[in-house]
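Just below is one structure, and these are the notes that go with it.
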Amino acid sequence: MLTGIHFLLTYSCNFECDHCFVYSRPRAEGTFTLEQIRRVLDESVNMGTVEWVYFEGGEPFLFYPLMVEGLRIAGDSGFKTGVVSNAYWALSDEDAELWLQPFCGLQVSDVSVSDDSFHYPDEKPTPAKRAVAAAKRLGLPVGSICIEEPTVEMGADEQQEKGAPVIGGGAKFRGRAVEKLVEGLPRRRWEELTECPYEDLRNPGRVHVDPYGHVHLCQGLSMGNMWETPLSELVSNYDADSHPICGPLLRGGPALLAREYHVEHDDEYVDECHFCYLFRLALIDRFPQFLAPRQIYGLE
Ligand code: SF4
């Protein structure tokens with residue numbers, strides 16, 4: 001049952017992080033209009049199951065008035081709301097409160113702030129810490145997201161017995177992380193990668209929607225286009241087994257995807273997502289409706 005709609009409000013971001021799985025950067029194109037936001041929220045009401053609406057990106061605070069109006073409409077429509085930001089705007093304690101103050105009146109239920117060395121390698125205290133402290137002073141529910149450089153962790157007995165290295169740090173090997181972060185990490189045979197470990201592709205609890213209309217089950221893996229088919233219809237007609245990418249992934253992970261589509265690939269990958277993402281990239285021209293947008297795959 002779909003309970004969460006996450007707006008990728010914009011693909012643009014003031015940062016260009018190595019771990020970014022949507023390939024955001026300052027000059028990235030693609031930002032929702034207000035009318036498009038209204039359309040998605042109307043459809044979310046129609047679905048009758050959606051409880052939460054998030055605004056994220058990219059960096060949603062780059063389009064501050066649009067984000068605030070989206071939060072207002074979503075709140076007025078009866079949804080709990082949240083935002084995810086890198087807090088670049090928290091230049092001082094006073095400024096941090098200035099940017100967050102409107103959220104109090106909007107009854108925003110979750111402020112999630114990225115606070116890690118990808119975003120702030122040198123600054124102490126980080127703008128993110130300032131933002132978290134300001135949110136607490138204002139009585140806003142707040143939390144931090146911390147993703148660090150991948151490390152090989154030893155001592156996870158169960159995993160070690162299976163022979164699979166445990167990679168810590170929390171980065172997901174999709175998007176720019178595949179280009180920037182996989183070097184030197186241990187790899188596994190492709191035949192062992194037989195499930196999707198992170199997303200519930202059969203019964204997604206939340207989807208990410210982007211300004212081009214793509215409804216993401218995982219970054220760059222789309223249910224379909226909501227500008228062509230209304231979102232509520234897309235969701236109610238979604239059949240994971242007949243989806244050309246999700247079907248094989250559910251039946252046998254990236255390994256089965258590779259067996260079914262016979263595209264040349266490497267023998268070893270860091271993990272399931274690394275294989276899945278690169279294999280999807282190889283299929284992108286075959287399934288443009290479901291593997292999109294191209295910029296999430298680092299393509300123009
Ligand atoms: S990249 Fe593929 S394997 Fe990883 S979570 Fe997404 S759909 Fe699943």
Side-chain angles (χ1 to χ4, degrees), residues 2 4-6 8 11 17-24 54 56 84 145 147 150 159 162 164-182 185-210 214-225 234-235 238-261 263 265-284 286-299:
L2 195 69
I5 296 289
H6 293 229
L8 298 177
Y11 279 109
C17 295
D18 285 354
H19 71 309
C20 183
F21 45 39
V22 294
Y23 259 103
S24 281
Y54 270 83
E56 36 195 271
V84 182
I145 303 169
I147 295 174
Q159 293 282 345
K162 285 190 209 159
V166 178
I167 297 178
K172 298 284 187 292
F173 297 105
R174 314 166 196 157
R176 194 179 289 120
V178 168
E179 185 190 326
K180 300 283 188 180
L181 298 180
V182 298
L185 294 177
R187 300 194 178 216
R188 294 155 62 194
R189 291 284 309 173
W190 69 274
E191 299 96 324
E192 295 172 22
L193 306 171
T194 55
E195 62 175 4
C196 164
Y198 300 115
E199 300 291 347
D200 186 348
L201 299 174
R202 189 175 303 287
N203 298 303
R206 57 107 180 82
V207 289
H208 287 77
V209 293
D210 80 10
H214 306 301
V215 180
H216 301 250
L217 296 148
C218 176
Q219 289 78 22
L221 175 56
S222 180
M223 188 184 273
N225 192 302
L234 261 185
V235 170
Y238 173 63
D239 172 22
D241 293 310
S242 60
H243 188 288
I245 309 298
C246 296
L249 282 176
L250 278 164
R251 290 192 295 278
L256 189 67
L257 199 59
R259 287 197 169 95
E260 294 207 350
Y261 290 116
V263 176
H265 58 82
D266 290 345
D267 289 337
E268 297 185 322
Y269 294 88
V270 172
D271 68 0
E272 290 85 351
C273 295
H274 183 208
F275 187 17
C276 175
Y277 173 80
L278 284 177
F279 204 82
R280 289 197 263 128
L281 172 59
L283 291 174
I284 197 165
R286 207 151 144 193
F287 300 106
Q289 187 189 353
F290 300 112
L291 300 175
R294 294 173 72 84
Q295 68 195 67
I296 273 192
Y297 292 87
L299 305 171

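Computed from heavy atoms alone, side chains included, the values below leave out hydrogens, waters and symmetry copies. Throughout, residue positions are numbered sequentially from 1 according to the sequence presented. As the structure lists them, so they are numbered: ligands from 1, and atoms in each ligand from 1. As the structure is a prediction and not an experimental result, all values here were calculated from the model.
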Heavy atom of the protein closest to atom 4 (Fe) of ligand 1 (residue, atom name, distance): Cys273 SG, 2.3 Å
Can you tell me the protein heavy atom closest to atom 2 (Fe) of ligand 1 and the distance? Cys276 SG, 2.4 Å
May I ask you to say whether Arg206 pairs ionically with Glu199, meaning some side-chain N is under 4.0 Å from a carboxylate O? yes
Below 4.0 angstrom, N of the basic side chain to O of the carboxylate: do Lys172 and Asp271 qualify? no
Within the 4.0 Å heavy-atom shell around [X], which atoms of ligand 1 are there?
| X | value |
| --- | --- |
| Cys196 | 3 (S), 5 (S), 7 (S), 8 (Fe) |
| Glu199 | 5 (S) |
| Tyr198 | 5 (S) |

Do the side-chain N and O atoms of Gln219 and Tyr277 include a donor-acceptor pair separated by under 3.5 angstrom? no
Do Tyr297 and Arg280 have a side chain donor and acceptor closer than 3.5 Å? yes
Give me the atom names and distance for the closest heavy-atom approach of Phe275 to Pro254. CD2-CB, 3.5 Å
Nearest non-hydrogen contact to atom 1 (S) of ligand 1 from the set Gln219, Arg280, Glu272 belongs to Arg280
Examine His208 together with His216 and report whether their ring centres are nearer than 6.0 Å. no
Side chain, backbone, both or neither: Arg174 near ligand 1, heavy atoms under 4.0 Å: side chain
From Cys218, does some N, O or S atom reach closer than 2.8 Å to atom 6 (Fe) of ligand 1? yes
